[in-house]
Every structure is written in C-alpha cells, then in structure tokens.
There are 2 protein chains.
Amino acid sequence: MATLKEVAELANVAPMTVSRVINNPEAVKENTRLRVVAAMKELRYSPNVAAKSLAANRCGVIDVFIPESIDLSNPFVMHFIAGISSELSEHYYSFLILRNRGIEHQCDGYIVTGLLKNEIDEFAQYARERNRPVVLFGHTDIADVDCIDVDNVLGAECGVRHLINEGHRKIAMVNVLEDKDYTVDRLNGYRKSLEDAGLEYNPKLVFYAQNSVEGGETAAAELIAREKVSAIFCATDTIAIGVSNKLKALGYSIPDDISLIGFDGLGHQLLASPPITTIQQPVYKLGAMLAKTLLGRLNGREAATKMMVAPKLLRGGSDKSFNAVVNPEMD
Amino acid sequence: MATLKEVAELANVAPMTVSRVINNPEAVKENTRLRVVAAMKELRYSPNVAAKSLAANRCGVIDVFIPESIDLSNPFVMHFIAGISSELSEHYYSFLILRNRGIEHQCDGYIVTGLLKNEIDEFAQYARERNRPVVLFGHTDIADVDCIDVDNVLGAECGVRHLINEGHRKIAMVNVLEDKDYTVDRLNGYRKSLEDAGLEYNPKLVFYAQNSVEGGETAAAELIAREKVSAIFCATDTIAIGVSNKLKALGYSIPDDISLIGFDGLGHQLLASPPITTIQQPVYKLGAMLAKTLLGRLNGREAATKMMVAPKLLRGGSDKSFNAVVNPEMD
DNA sequence: TCCTAAAATGTTAGCGCTAACATTTTAGGA
DNA sequence: TCCTAAAATGTTAGCGCTAACATTTTAGGA
C-alpha cells in the first residue's frame, strides 16, 4: 500500500502538503491540490488509520455505555447500536460497548444511554476529568454534555390525534407497567391530544401491561371485559401485537371493529396481521446522529447540541375511520 | 494516560519488556512480570491501540463484505453484524461494511458473505493478491479461505424428526419460493427425516411462499384448501407467523389442531401466539466465530478452519403430540 | 571454577502520519 | 519597482508502540 510520503514524492510536494489536501484542502492552492489528488489516485492511496490516530493524539475508540439492565439483543438496542456503528466505522473508529464503569481503558469519547439523572451528573464529571466529550441519548441541562432525545409526548400526541381525526371518540390506552420517562411521556401525549380535541381524559381507559405479547393479551382481555372502545393506543408495538392477537381470538376484527396504534416501528409491527399502524422512532438514525455529534466534538466543534427528534406516524392496516363522523380537516 | 515507557520506568525495565509482558508474558521471568504488572496497575496503564496497530504493521480495520442484494436491516443480518462487531471491538478492531468492491482502502482482512461460487473464487484471488486473509460465511473448498456455515439440512431434519417423534405422520412443508442453497437444504432435510422414519415423501405436501407474513398466509390458505395435515414445517419463522395467523383466522387452534415449526429463531417467533417452536440458528455467535477466526489468522494461526454449525430446536408452544400414537423413544 | 547455550532483557530504528513552527511565494498597493 | 502582509508550502520532531537484532544474565555440566 502506498504511503503519504510516496504520494508526496510523485506529486513533488512535501508530505505535509498531501496531509493538507486530505484534511484541510482549502489551505492548498487549487493547482497543487489537483496534482496531489492525481498522485493519490495513481498510487491508489488510502490513509493508514492507525498512523493518523496516533499522530493526532487519538486512539480511535469510542466507548458506548449501556447499563447492564438493558438487554443488548432487543431490537431497539440493536438498531441503536447499528446506527452508531455505521457512523463510527465510516470514520474508522472502533467502539466498545461498556456495561458498567469498572475497567478503564483508552478512548476518545463517550456515547451514553439509559442513565438516571444523578448518574448523568456523575458520568459528566467523570468524563470531564478525563477531558473526553460525552453525547447522551436522553435529556440533560448540563452545558458540556450534548444530547439527543426522542419526543415521546409529541409521538403519542400524533398517534392519538390521528385516531381522533379518524372519528374515534372513545380511545383506550395500554401503557407499559414501568415508571420510566417514556411511559410517563407517552401517557401525557395521549392525554394532551384528547384534551386538545375537547375530549375528556378518563383514567379508567388507561390499562397497564408488561411490555410483552402476553402482557398485551392480558390487558386486552381486561379492557374488552370492562370497556367498550373504538380504538386502542398501545405504548409499544410488542403490546399492540398482543392486543391484536387477543382481539382477533375474541372474534373482533381489526380494524373493522377496533382500530389499533402501536409505538416504536422497529419492524415487528409488520408481523401482525394486519400490520400495525405505529409511531416510528428513527432509532438507527438516532444512533448515527449521536455518533456524528460526538465526532463533531472531537473535530473541534464548540456549540452544544441539544436536540429533540419527533417520531412519525407509519400507517399499517390496523386503523380506519370510525363511523361517518370523520373529521376531514387534516391528519 | 500513562504510556508504556512510563510503566517501564516505574518498573525499572526497558519498554520492550513491558511490551512482552502484555503480548508474550511467557518470555518474561515471573519476577519481572509481577513487577511490571504492578506498575501497570499503579499507573492504570492501558495500551494505545493506534500505536500498537501502527508498530505491528496493521491498520486495525476489517472489511465485512455484504452484497447490495442483502438488506442490512433484516434481523438475520443485524444479529450477524452484531456478533462480528462484538468480537472485533473487543480486540479494538473497527470494521467497515462494504456493499460492493468499488473503492479500495486499507484493511487487515475480510469477512465475506452472500457470494455465489464463482464470486468466492474471484474474491479469494483478490484477497490473495493483497496478502489479506478471508473468512467466509458459507462453504468453499478453497484451501486458504476459512469458512463457517450453518447446516440447514441437519436443522430441517431435526425439526421434522421432532414432529415425527411427537406422532405426526402427515407433515406439510412451506418453503421459501427462491432458489438458494438454504431453501434446497431445508427441503432436503425435511425429505430426509421423513424417509429415515419410513414415511413417504409427497411433493404435493410442499408449498411455496414469499418469505413474508403475507406469503405465509397465502400458502396456509392454499394448504388448508388442498390437504389435511397434522403438522406444518415452515422454512422460516416469518412464514410460520403468517401460517399461524391464517390458521387461527380460519378457526384452527395451534397446537391443538395443527402443530407448527419454524426456522431461524431470531426472536420474532416469540411474537406469535402461541410462540412458535423453531430451529434456531446461532447467528450472533456465527458472526463472532467468523471474526474470531479472522483474528486468529492475523495472529499467525496456520491451520485452516472449515466448520459446520448445527442449528437447534427451540421449543415454543406451537407444537404438541399428535393422538396417542406417540413414539416415546427420544427427541 | 569456568564455559556454554539458552533464557532474559535491552537497544535501535521505524511504522505513517500530523502539530507546530519556519520559510518561501504571491498579490497588490505605494 | 519595491515592500509587506497573507497565502502557500516546507521542516522538524514526535505520537506510543513493536520487530529485529544485540547484549547480559542465568543455569548447569565439565
């Protein structure tokens, strides 16, 4: 493999000029640049990543911190990591998934997820001491921690508003039985869009389930026994699949008798029949965005990143207009 | 961060001795080793990956070749890549997923999948010219290409034998409508276990479907209209989910009326109700094994690796004994 | 005790880049 | 034409490690 030095010789410039053409082309005269580019092409030059990192005082490794409580083989995490991985490897960074903060090793920065508020403070301090940037999946006010989060409230609002626009007036929710930010947010979104539409929020229409197919089945049985609704908003697609299974087993048709909307859009909503309409989180893209933000920091960007990403409605076949009482306004 | 040199000073040895303690501890006297290890611990030393790669004439990047025809977001590929990724990053290698062989860049070796026979020959030659090792997911006789494959015949045999052992005698198969090695192999396994049990292989009991939920639904409708069977072996879990949906919609109970077995075991078999019994491929592990094999080559192992991995039955709730005619022998 | 081969450790140079500073070239006004 | 500041390019040193060879130490037989 050709080295930068060989390219320099062929183009009749100093090695540093070749380096500039690669890393900071504006600093080189157009004429010289073209000569160097031609030489690179002729020698099929491609940079040695290890040498680059070493000279730039990097080690080329990013730590991705995911607490042990989170199962790495769940689809959400897999998509998330795939997004991170794609962005990092494109820039020849390797990454290490850390499950706890026991062992320390060399890395250039951190991508962090699944931490509680006080843990975030602590982690930020830890990183600061080591002079390494941190990007968080979630939200924090800490100035030197970049963060990107999904707007679960907005997502839930969007889903329920869609049902309301289809004419549904009595809409149940099956939430996850877990006290996490996202469950609270999705409930709030559900409630907000009802109230925005002038509909009463009725806690009796909110059911709780384990985040599993069986959880959804159990909740659906309970729901059907107690309430009569025309639509159900599920806090996750997994629950929605369980609800779908149970409703069909009880003889209801989806969407003719009951409309259904899930949340997540990681792909398994497509395995139900009909495929479930869902609020899709761009998880892969989120992972990639986090990685990109971190690399930006490493390349000297100073401005803080604080972002909220809105998930979007992805139509399947599990919802339809209710009665003729459709609100034709918008969707 | 402490460097190897600092460790050497503290332990009062040459830097090279520290390097030996890390990479080849048998070459160092126990006494010295302990002193160095203590120094490393005291200084919280961890090696700089970039420097290591550079000095060892590596670049720390592995190319993972996955043809464009394969969708990266399908669960099989995601698990596969996750396995590769986990093994590589543990050794601080980064990797790049290549979709075609257009651009060339520096890398230490290749992991390759999804190639046809002649493409494998060609790729092996390409890698040989660059003096880089290749590990293939699949099978080849080429001596200098390591390979690891899943034994689809054995897997299918195992599933169908299980049904036979449960007393089933009339077992249909829904295969994927695609002329690939794995579809042929799974059909052969189905056929073989029938014949081994002295049952007749009847081509009329083999149905074909697109590898999708809808494909499975369509095939199931056709199957039910034409044949009366007590069990169905599906070539993929996705198809099995479609079959399950349709059978339930037609009023059949699973497993009481019909037993069902799928193939893949990537997780979505759990989303059906009841969860589908499947032949599980250890895809994540396969990815990790491929990566480990490649790293072994890079570290000087000479012996070729040619491996077949047998997938295993993973019981869900979609199969049960048929009649009292159970063969109690074994499973 | 001396000698020798093997074991243990050390020395030197270099992997391929870039940061930081040094020098040369260029453009354009006086 | 000369001068000056900015633009362009070059030089030097070093990032942190390991390969390859060199030297020292050690064990154990003569």
Side-chain angles (χ1 to χ4, degrees), chain A residues 1-37 39-40 43-61 91-94 105-108 131 298-300, chain B residues 1-37 39-40 43-61 91-94 105-108 131 298-300:
Chain A
M1 268 279 176
T3 66
L4 186 137
K5 211 173 142 195
E6 291 166 333
V7 173
E9 271 161 27
L10 181 61
N12 205 21
V13 293
M16 195 57 216
T17 300
V18 179
S19 174
R20 285 197 188 92
V21 168
I22 294 166
N23 299 304
N24 187 18
E26 311 84 56
V28 180
K29 212 163 52 169
E30 182 64 5
N31 215 309
T32 319
R33 222 203 79 233
L34 291 174
R35 224 166 61 237
V36 170
V37 167
M40 290 202 291
L43 296 176
R44 300 236 219 82
Y45 175 72
S46 91
N48 181 305
V49 194
K52 206 165 173 163
S53 295
L54 183 58
N57 240 312
R58 300 264 171 74
C59 65
V61 180
H91 297 272
Y92 299 99
Y93 272 82
S94 76
H105 70 110
Q106 297 206 6
C107 75
D108 296 335
N131 198 27
L298 289 173
N299 290 328
Chain B
M1 267 280 177
T3 66
L4 187 137
K5 211 172 142 195
E6 290 165 335
V7 173
E9 270 161 27
L10 181 61
N12 205 20
V13 293
M16 196 56 216
T17 300
V18 179
S19 175
R20 284 198 188 92
V21 168
I22 294 166
N23 299 304
N24 188 19
E26 311 83 56
V28 180
K29 210 161 56 169
E30 183 64 3
N31 215 310
T32 319
R33 222 203 79 233
L34 291 174
R35 224 165 63 235
V36 170
V37 167
M40 290 202 290
L43 295 176
R44 298 236 218 81
Y45 174 72
S46 92
N48 181 306
V49 194
K52 205 166 173 163
S53 294
L54 184 58
N57 240 313
R58 299 262 172 75
C59 66
V61 181
H91 297 271
Y92 299 98
Y93 271 82
S94 74
H105 70 111
Q106 298 206 6
C107 76
D108 295 335
N131 198 28
L298 289 173
N299 289 329

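The analysis underlying the following values was restricted to heavy atoms, covering all of them including side chains, and did not include hydrogens, waters or symmetry mates. So you know, we letter chains A, B, ... as the sequences are listed, proteins then strands, and number each from 1.
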Q) Just the dot-bracket of DNA chain D, please: which string comes out with Watson-Crick or G-U pairs under 3.5 Å, [ ] for crossing, | for another strand? A) ||||||||||||||||||||||||||||||
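- At whole-Å resolution of the value, CD in B/Glu6 and P in D/dG16 are 8 Å apart.
- In this structure, the ring pair (Phe, Tyr, Trp, His ring centres under 6.0 Å) partners of B/Tyr92, at least two apart in sequence or on a different chain, are A/His105.
- Of the residues in residues 49-58 of chain A, those lying under 4.0 Å from DNA chain D by heavy-atom distance are A/Leu54, A/Ala55.
- Using a 4.0 Å cut-off on heavy atoms, the residues of residues 16-32 of chain B that approach DNA chain C are B/Met16, B/Thr17, B/Arg20, B/Val28, B/Lys29, B/Thr32, listed by number.
- When the side-chain nitrogen and oxygen atoms of B/Tyr92 are compared with OP1 and OP2 of D/dC17, none of them lie within a distance under 4.0 Å.
- Under the salt bridge (charged side-chain N to carboxylate O under 4.0 Å, His left out) criterion, A/Arg35 pairs with no residue at all, not counting sequence neighbours.
- When rounded to the nearest whole Å, the span between CZ of A/Arg35 and C1' of D/dT9 equals 11 Å.
- Rounded to a whole Å, the CE atom of B/Met1 is 14 Å from the C1' atom of D/dG16.
- Side-chain atoms of B/Lys52 and B/Ile22, non-hydrogen and from C-beta on, do get closer than 4.5 Å to each other.
- For the contact set between residues 7-15 of chain A and DNA chain D, defined by any heavy atom under 4.0 Å, the members are A/Val13, A/Ala14.
- In this structure, A/Arg20 and A/Thr17 have side chains that are in contact, with non-hydrogen atoms separated by less than 4.5 Å.
- Atom pair B/Arg33:CZ and C/dT9:C1' shows a separation of 16 Å (rounding to whole Å applied).
- When the shell of 6.0 Å around CG of A/Asn24 is examined, it contains more than 12 heavy atoms from other residues, nucleotides or ligands.
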